[in-house]
2 protein chains.
Amino acid sequence: MKRRHATLSDIAKALNVSASTVSRALHDSPLIGKETKDSVISMAKALNYRPNQQAIGLLNKKTKIIGVIVPEITGYFFATAINGLQDFVENTGYKLIIGQSNESFDQEAKLMETLSLARVDGLIISPTSETTSNIHLENFRESGIPVVVFDRDCPHFLSDKVFVDDYEGAFQAVNYLIKTGCRRIAHLGGPGNLTTCRCRKRGYLDALIQNGIRQDPQLILEVSGFTPDCGEEAIRDLLNREAIPDAIFAVNDAVAIGTMPVILEKGLRIPQDISLIGFDDEPYSRFFKPSLTSVWQPVYELGLLSGRILMNHILCSPEDYTYRREILKPELVLRQSSKPLM
Amino acid sequence: MKRRHATLSDIAKALNVSASTVSRALHDSPLIGKETKDSVISMAKALNYRPNQQAIGLLNKKTKIIGVIVPEITGYFFATAINGLQDFVENTGYKLIIGQSNESFDQEAKLMETLSLARVDGLIISPTSETTSNIHLENFRESGIPVVVFDRDCPHFLSDKVFVDDYEGAFQAVNYLIKTGCRRIAHLGGPGNLTTCRCRKRGYLDALIQNGIRQDPQLILEVSGFTPDCGEEAIRDLLNREAIPDAIFAVNDAVAIGTMPVILEKGLRIPQDISLIGFDDEPYSRFFKPSLTSVWQPVYELGLLSGRILMNHILCSPEDYTYRREILKPELVLRQSSKPLM
DNA sequence: ACCTTCCATGCAAACCTTTGCATAAATATT
DNA sequence: AATATTTATGCAAAGGTTTGCATGGAAGGT
């Protein structure tokens, strides 16, 4: 049976009082007498009264909804970040509306349009690899809605930001490769307009430089996406070049995984002939053969912290607010796809 | 600068007309004169007017929000289902609020409470493995909110339902194992109160029966979760028993993957000594060594169809509605972890 | 010139909640 | 006994939108 939700005035009518009295009673206002309060409360329970969030929202211009936009949701990385975010949000009374941009600027803009229409109280976003303009973000911020950018930066956009230290992670990985004797280290980098990918590449290059190794353009490739297929394509290309590497630092575990079958099928051994290091430390990475050395990222914390910062911004007075920029530390996880130190 | 959104009456004041005229003009009502209409429309554009969904929702008791509850979001299965769901919803104007129950009944109930408070227009849910009571679902349905149950069934709850044919998938997998000469086929089954797991087990048992093979209780284990760790634990237990299997049908790819290192480390070969088949066909499954034979499920379609059915129910008149029950077909994907047919 | 008809627009209520102000009754003060 | 004070409650507006009904004017018909 479809039945209407009970409202304040339903309770009011039942008790012969006014709706305002009921409202105050339920908010435990000191203005209301003890008896009235009790009867209101028990009647509310009897009618299974739930305040209408829409009406409240209309009044105080809040929706208690946070918008989240990620490039995709099916991969380990963003799914885990969202997981952290949700765990944070769980007890705050806020809800999450999640959208996927699928690495398309148009979809991202459209999603932001939708979220803006839905009047979200805040936005947490990791921009697409196509996102070069910030107008849509600026619009958002100008209408007074706090925005947190996470994982991938929007360089000229002013807001709270939460990242992982991609540079540091990459540097450590490549430095490790060098320490284990590798000299011809290839890099399968991601789309160059993503800050994460640029940072990882810089980490790679700096590690080479600091160890006095000349970079070889032949060994640096840019993959178009983050899937095993992209890795497969890239490694085929790479192994056809004259310069065969003795190590590969991939932008991603998925890309690294995609190279494995190709490498092995060419009769090359991992790590004896080619060391392999990925990035992300996905849960499955330890189950491949050989198990994959990778750079672990505090993804869950990334999501959690983004939520915490946004929430703080939402509750803060908008005047004296200064934007925060947090950088979390990654960690190299050694496994069989790279050589041991000695 | 934080500035208020333009409202109908802002436009009205600017043009010296009434708010109702503006509303009608923007809805292209035939009651409004051409000139007025044009001026309203251009003024609306100038002021960047966006209708306030909360006010509209308050009026017609709709939120255009769909609640989604899944046990977890970080795994491939549910993330992909949500992906399908989101793609469906994208152009409908509906938004998705997603919650994770983490296989906890209490969390599930709490999430439903939250979604009910948020006045969602519909609910799509895959219940936890703890969910035995349906009261929370019944409450939902009784307040007139359409519910779609997907993947995992709530046996005595009446609603739209969308499943994958787990029985069929399991039957095919085990039947294939038998056809390739396996006789001592173990089953690492999932939590017994999940319908999906029970169906897979029934498929397993029926395949044995139809091929005249006696089931051996020693070969049937129940794992407590869907992670590689659970698989690892189970296989250690299994291989310590007197009866060593010549094949394993796991409830899950993740569980199957967890068994691999243990099997290989015991000096057993896959598939020569032990064939291995999983369920789900996760994207990484083809990258393990040996690559994993698995039962592919149309997960994306599962999410998509759930959305379509819910949407249809929401728009339908509530009277003459008859619940639907859709079953999608899985498909066995052969790889190296099982023996070839001849 | 008057009545009908039609077209374009405005008024006001409804959706539900919160809150400043007013009011009524009861008690305390002089 | 009359006024001041406290205590408990109601009224009404606001928030933004939609929509049935009423109204105003102009055009058409006789």
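Lettering follows sequence order; numbering is per chain, from 1.
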### Task
Work out how much the helix from C:dA1-D:dT30 to C:dT30-D:dA1 bends between its end axes, five pairs an end, to the nearest 10 degrees.
70°
### Nearest listed nucleotide, side chain of A:Thr7, among C:dG10, C:dT18, C:dC16
C:dC16
### Task
Please determine, for the side chain of B:Ile32, which listed nucleotide (D:dT17, D:dG16, C:dT9) has the closest atom?
C:dT9
#### Entry: Rounded distance in Å - CG (A:Leu15) to C1' (D:dA8)
15 Å
### Query
Would you say A:Tyr76 and B:Thr74 make side-chain contact, with heavy atoms under 4.5 Å?
no
### Query
Does a side-chain N-to-carboxylate-O contact under 4.0 Å join A:Glu113 and A:Lys110?
no
### Query
So what does B:Asp10 hit on the nucleic acid, given a heavy-atom distance under 4.0 Å: a base, only sugar-phosphate, or nothing?
nothing
### Message
Looking at C:dT9, I'd like to know if its phosphate oxygens (OP1 or OP2) sit under 4.0 Å from a side-chain N or O belonging to B:Thr36.
### Response
yes
### Any B:Tyr300 side-chain heavy atom under 4.5 Å of B:Asn83 side chain
yes
### Task
Would you mind checking if A:Arg152 and A:Glu103 are paired as a salt bridge, meaning a charged N to carboxylate O distance below 4.0 Å?
yes
### Charged N-O contact under 4.0 Å between A:Lys64 and A:Asp121
no
### Message
Is it true that A:Glu72 and A:Gln100 share a donor-acceptor pair across their side chains at a distance under 3.5 Å?
### Response
no
### Query
When rounded to the nearest 0.5 angstrom, what is the spacing between CG in A:Asn134 and SG in A:Cys154?
5.0 Å
### Query
With sugar-phosphate meaning primed atoms plus P, OP1 and OP2, does B:Leu59 contact a base, only sugar-phosphate, or nothing at under 4.0 Å between heavy atoms?
base
### Query
What's the CD-C1' distance between A:Gln53 and C:dT17, to the nearest Å?
11 Å
### Message
Heavy atoms only, 4.0 Å cut-off, all strands: where does A:Leu8 land among base, sugar-phosphate and nothing?
### Response
base
### Query
Please give, in whole Å, the distance from D:dA8 C1' to A:Lys34 NZ?
15 Å
### Task
Look at A:Lys61 and D:dG16 and indicate whether a side-chain polar atom (N or O) is within less than 4.0 Å of OP1 or OP2.
yes
### Summary
In whole angstroms, the gap separating P of C:dC7 from CD of B:Glu35 amounts to 16 Å
### Query
Is it true that A:Asp160 and A:Arg325 have a side-chain N and a carboxylate O under 4.0 angstrom from each other?
no
Using a cutoff of under 3.5 Å, can you pull out all pairs of nitrogen or oxygen atoms linking the protein to nucleotides 20-24 of chain D, with atom names and distances?
unit_1, atom_1, unit_2, atom_2, d
D:dG20, O6, B:Arg24, NH1, 3.4
D:dG20, O6, B:Arg24, NH2, 3.0

### Message
Can you see if the side chain of B:Thr21 gets near the phosphate of C:dT9 - specifically, an N or O under 4.0 Å from OP1 or OP2?
### Response
no
### Rounded interatomic separation in angstrom, taking CD1 from A:Ile56 and C1' from C:dT19
13 Å
### Query
B:Leu58 or B:Val22: which one's nearest nucleotide on DNA chain C is closer to the 5' end?
B:Val22
### Query
Would you call A:Asp38 and A:Lys34 a salt bridge, using N to O less than 4.0 angstrom?
yes
